[in-house]
Amino acid sequence: MKKIHLIRHAKSSWKDASLADIDRPLNKRGIKACDLMARAILDAGCNFKHVYCSTAVRAQSTITLIDHSLSDIKVSWQLTDELYTFDSKQLYKWFRLLDDSIQEVVIIGHNPALTDFCNKLSNSYIENIPTCGYVQLNAKAHSAWKDLSAGSFNLAEFITPKALAGE
């Protein structure tokens, strides 16, 4: 059964207004959230295999910090230009091209694409996947990535840094 793990990049800094959006780094809160979320994401069943990351600096920093926080496993990932998107339709297109031998996929990306994609794919309603938020979606039935469609997955997990911190 197919499984999708969505991780929104951690909180980014707007300190340097001269930086292009793709070049924005994480701020202190974002860095702390990565450490807080790493173990919770692993414990929720994310295997960190077939990890694909947006080319944005903040997304790359997010997966790098999660990897550093999980000293008992080695996370490796592939940078993917197509994941630097804010449009869920682009995510659908990208997923439909995946090789069917891949059963689980981890994406580090951006909103509103991730939230819209999650809500359409699972017929759920999450108002917003916050920065460094994690969602796990499980297929309702055996299917091919090319057949990905609205309502074909169940929302299995939704974890946020604020919930873990008890805020």
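Worth saying up front: this structure is predicted, and the values here are computed from it rather than measured.
- The other residues sharing a hydrophobic cluster with Tyr84 are Ile22, Phe86, where clustering joins ILVMFWY side chains under 4.5 Å apart.
- Among residues at least two apart or in separate chains, there is no salt bridge (charged side-chain N to carboxylate O under 4.0 Å, His left out) pair with a member in residues 137-152.
- Checked against side-chain contact (heavy atoms from CB on, under 4.5 Å), Ser61 has the following partners two or more places apart in sequence or in another chain: Leu26, Val57.
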Report, one line per pair, each donor and acceptor closer than 3.5 Å where one atom sits in a side chain of residues 88-95; sequence neighbours left out.
{"from": "Ser88", "atom 1": "OG", "to": "Lys120", "atom 2": "NZ", "distance (Å)": "3.2"}

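- Residues passing the salt bridge (Lys or Arg N to Asp or Glu O under 4.0 Å) test with Arg39 are Asp72, sequence neighbours excluded.
- By the side-chain contact (heavy atoms from CB on, under 4.5 Å) test, Asn47 is found to be paired with Lys49, Glu104, residues two or more places apart in sequence or in another chain being considered.
- Residue pairs meeting the ring pair (Phe, Tyr, Trp, His ring centres under 6.0 Å) criterion with at least one partner in residues 7-46, sequence neighbours excluded, are His9-His110.
- A salt bridge (charged side-chain N to carboxylate O under 4.0 Å, His left out) check over residues 8-25, counting only residues at least two apart or in different chains, returns the pairs Asp21-Arg24, Asp21-Arg58.
- Checked against side-chain contact (heavy atoms from CB on, under 4.5 Å), Thr64 has the following partners two or more places apart in sequence or in another chain: His68, Trp77.
- Shown here are the salt bridge (Lys or Arg N to Asp or Glu O under 4.0 Å) partners of Asp116, two or more places apart in sequence or in another chain: there are none.
- Applying the salt bridge (charged side-chain N to carboxylate O under 4.0 Å, His left out) test to residues at least two apart or on different chains, none of the pairs has a partner in residues 78-87.
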Can you give me every donor-acceptor pair (side chain of residues 148-158, partner residue at least two apart or in another chain, under 3.5 Å) with its distance?
{"from": "Ser152", "atom 1": "OG", "to": "Ser149", "atom 2": "N", "distance (Å)": "3.4"}
{"from": "Ser152", "atom 1": "OG", "to": "Ser149", "atom 2": "O", "distance (Å)": "2.6"}

